[in-house]
Structures are given as structure tokens and as C-alpha cells.
Amino acid sequence: MTTTLLSTAGELHARARAGRRAVVMTMGALHEGHATLIRTARALAGPDGEVVVTVFVNPLQFGAGEDLDRYPRTLDADVKLAGESGADVVFAPGVDEVYPGGEPQVRITAGPMGERLEGASRPGHFDGMLTVVAKLLHLTRPDVALYGQKDAQQLALIRRMVRDLNFGVEIVGVPTVREEDGLALSSRNRYLSPAERRTALALSSALFAGQDRHAAQEALRARAREVPATRARAEALSAIGESRAAADAHAVATAVPGGPAAVRAAARQVLDEAARLDPPLTLDYLALVDPSDFTEIGDDFTGEAVLAVAARVGTTRLIDNIPLTFGAAS
């Protein structure tokens, strides 16, 4: 399909609109993860709707020493991929279009939720992110906006902003897209050398280890609920554990109810091993949090949670996460 490249909000507002407008916000350097977002937007907008992909490298999101200058700019390739994925428009405004008076004096503040995890590692990052998202929502005027679940804290904050400040837009989260080896797709992956990439696989491996431990614990508890508290109950629990290493089965069977501590421990073991590789992985954080406010969950927690990790390999900082559900809500 023909994809139109626009650089001003006036040009975008002048377009005739029939159906729903779906917007995918990016900083460019598009990859298959973005393509998945665009294809999902196309399905939501329908044949009569419009899909707009924004490409804007927001300077407010980069702190001192971060990679604003070397962040990849590949607009021609971005327009091509966006069109192949179903976009009608690529909106690529300049800094003067988004911030016509220079850096804005009034900004969106992410609040306490924006000071945790990524916010603690990158002070001011989420204030800059929410400010530009708010501006781009006004500039593009969508009915629905889509964001990747890979940036789980960002997605949660955007949802909170839209709800708290009464934005008239639907926010849709799209699952993380991974490469065949499990590494979450990111524009920053291109910075990794082959050796660094091998080390970086520890991020997803740690998450999958935590997920496996969680699944084993949930299976044990489900089976325990079905079997009376008798010798048969103990035999049933033992049978479930036989498919795993003895040490793992013992750890699962003796984990506290809900098992967050065991999930963290399983993920941490993988990351500790990666810290001894060459090149090493330098952990920023490993957290198991409530997605409503990104605070750490307790051992008696039930409901939806996010297991999140951030680390550096060489000079490249990477993040990843997976959703988990604990206890009665599973």
C-alpha cells in the first residue's frame, strides 16, 4: 500500500477521516516488534480506518550520558517497513514541531510510580516519555493507541495518565516479540557484538527460569487442592515433582504459598551465572512487581504480576519482562 510521509500536525489534521484512527508511537529504527504493533493497529482500525505511525526521537527521554546522539535514525527504511505492515501514514515531525517553544516549561510528571525501577535507573525518563506521549496524542488525535508490553512500566504509566487525566483514547498493549533465540526485539540489539549477544540471552533465560518455577508451583498447588491431606496427597505432590530435577522439585514443594521468593531465586541464579561470563552481564535490577503501581509483591500476593529485568552488556542497556499470575486469580 502507499504510505504517506508527513512532518506537520497540520498536514495530518487535513486528512479526511472515515473510520477509527489507530496510532503506533515509535522512535524509529523499526523492526519486527514494531511491525507487529502496526499489523495489530491495522486490524483494530479496519479497512475503513487509518493507521498512523509516529517516528520521533524524543530528547526529553534521554538523560546525561545516554545514547541520544547515536540512537539510530533510519527514516527511509522505517517508512518502507511501516507501509509493508499496513500503515497509511508515517508522521515524522521535527523537534520544532513537537516543541515549538523549545523544551517545555510545563511537563507531565510520572509521580511515585515513575520513580521506581526504570525511573530510578533513568531519572526524569518517564516525565519526558509521558510529556511526549501526551503531546503526540493531541497532535495525532487517535481513537486507539498501541504500545508494546516489552516496556511494561511505560505502558502502565501511559494507561494511568490516560485514566487520571481523562484522555479520550483507548490504550492497547501488544505482547513482546522475540527473536528465535528468545532475545526481546529492541532497536538497541544492533549495538551488541556476537559475544555480547550471547551474554544478553541471560535476560530472557532468567525470565523463563522464573516462569518455569512459577508454573511448577502453580501445578503443585492445583494438584494439592484436588487431593485430601493424606498420604495420597503427599504421593501426588511427589509425582508431579518427579519430572524435574530433585533439587528443583524440593525447592518448589517447600516454597512459600504464592511462591514469589522462589520465582525471584530461579531468575536470579541465571543472572548470577551470566555475571561471570566474558563479557559479563551487569545487573541493574530484577523485580517481581504489581503492574498497577510497580511495587514489589509479597509472598501472599495473588493476581497478575510482572517479572522484570534490566542489565548492561558492554555499553548496551537492555530490559525485558514477562507477565505471571499468582494464586487464586490464575
Side-chain angles (χ1 to χ4, degrees), residues 1-58 61 74-94 97-98 108 126 129-178 184-187 291 323:
M1 64 185 298
T2 301
T3 303
T4 303
L5 176 62
L6 303 177
S7 60
T8 70
E11 294 172 318
L12 184 59
H13 297 166
R15 289 177 61 88
R17 294 179 62 173
R20 301 177 84 200
R21 174 178 284 173
V23 165
V24 174
M25 295 183 186
T26 82
M27 293 207 300
L30 302 189
H31 50 63
E32 181 57 28
H34 298 108
T36 298
L37 285 165
I38 297 166
R39 288 192 292 266
T40 305
R42 180 78 272 162
L44 289 174
D48 297 326
E50 182 181 56
V51 174
V52 177
V53 176
T54 70
V55 175
F56 180 66
V57 181
N58 178 33
Q61 288 176 235
T74 57
L75 184 58
D76 290 343
D78 293 343
V79 172
K80 183 175 185 294
L81 185 146
E84 292 171 347
S85 303
D88 300 289
V89 174
V90 170
F91 177 52
E97 179 72 12
V98 178
I108 302 292
F126 284 128
M129 179 276 294
L130 289 179
T131 298
V132 80
V133 167
K135 289 181 72 71
L136 288 172
L137 287 174
H138 290 313
L139 291 172
T140 59
R141 302 174 183 176
D143 300 289
V144 57
L146 297 89
Y147 302 89
Q149 291 179 359
K150 174 179 169 290
D151 296 296
Q153 193 172 3
Q154 170 180 284
L155 175 59
L157 281 163
I158 291 171
R159 282 178 165 151
R160 175 71 69 169
M161 177 185 72
V162 165
R163 181 169 66 251
D164 289 354
L165 301 184
N166 301 103
F167 280 70
V169 60
E170 177 187 358
I171 302 299
V172 173
V174 178
T176 300
V177 178
R178 299 184 180 278
L185 281 172
S186 169
S187 301

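Residue numbers start at 1 and run along the sequence shown.
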Report yes if the side chains of R17 and D143 come closer than 4.5 Å at any heavy-atom pair, otherwise no.
yes

Within a radius of less than 6.0 Å around CG of D164, do more than 12 heavy atoms belonging to other residues, nucleotides or ligands occur?
yes

For the student: nearest non-hydrogen atoms of L139 and A9, plus distance
CD2-CB, 3.7 Å

I need the minimum non-hydrogen distance between P142 and L137, along with the two atoms involved.
CD-O, 3.3 Å

Can you find a pair of side-chain heavy atoms, one from V53 and one from V89, that are under 4.5 Å apart?
no

Intermediate values then yes/no, side chain to side chain contact (heavy atoms under 4.5 Å, CB included), L6 and V90:
CA-CA 6 Å; L6 303 177; V90 170; over 6 Å; no

Is the closest side-chain heavy-atom distance between L75 and L5 below 4.5 Å?
yes

Atom CG in L185, atom NE2 in H34: separation rounded to 0.5 Å?
9.0 Å

Answer yes or no: is there a side-chain heavy-atom contact under 4.5 Å between M27 and S187?
no

Gap separating the CZ atom of R178 from the NZ atom of K150, nearest 0.5 angstrom
9.5 Å

Any side-chain heavy-atom pair from I108 and L165 closer than 4.5 angstrom?
yes

Please find the pair of heavy atoms, one from D88 and one from G49, that lie closest to each other, and give the distance.
OD2-O, 3.9 Å

With rounding to the nearest 0.5 Å, note down the distance linking OG1 in T74 to NZ in K80.
12.0 Å

Minimum heavy-atom distance V55-P93, with the two atoms named
O-CD, 3.7 Å

Between M129 and I158, is any pair of side-chain heavy atoms under 4.5 Å apart?
yes

For a quick test of reading the model, state the closest non-hydrogen atom pair linking T4 to R15 and the distance between them.
OG1-NH1, 3.8 Å

Close side-chain approach of F91 and E11, heavy atoms under 4.5 Å
no

Between OG1 of T54 and CG of D78, what distance do you get to the nearest 0.5 Å?
11.0 Å

Roughly how far apart are N58 CG and M25 CE, rounded to 0.5 Å?
11.0 Å

Shortest non-hydrogen pair, G83 vs T3, comes out as CA-OG1, 2.9 Å

Answer yes when D48 and R20 have at least one side-chain N-carboxylate O distance shorter than 4.0 Å, and no when they do not.
no

Within a strict 4.5 Å, meaning less than it, do heavy atoms of the R21 and L12 side chains meet?
yes

Nearest-0.5 Å distance, CD of residue E170 to CG of residue L44:
7.0 Å

Where do L155 and Q149 land on the side chain to side chain contact (heavy atoms under 4.5 Å, CB included) test, with the steps shown first?
CA-CA 7 Å; L155 175 59; Q149 291 179 359; 3.8 Å; yes

Salt-bridge contact K135-E97 (side-chain N to carboxylate O under 4.0 Å)
no

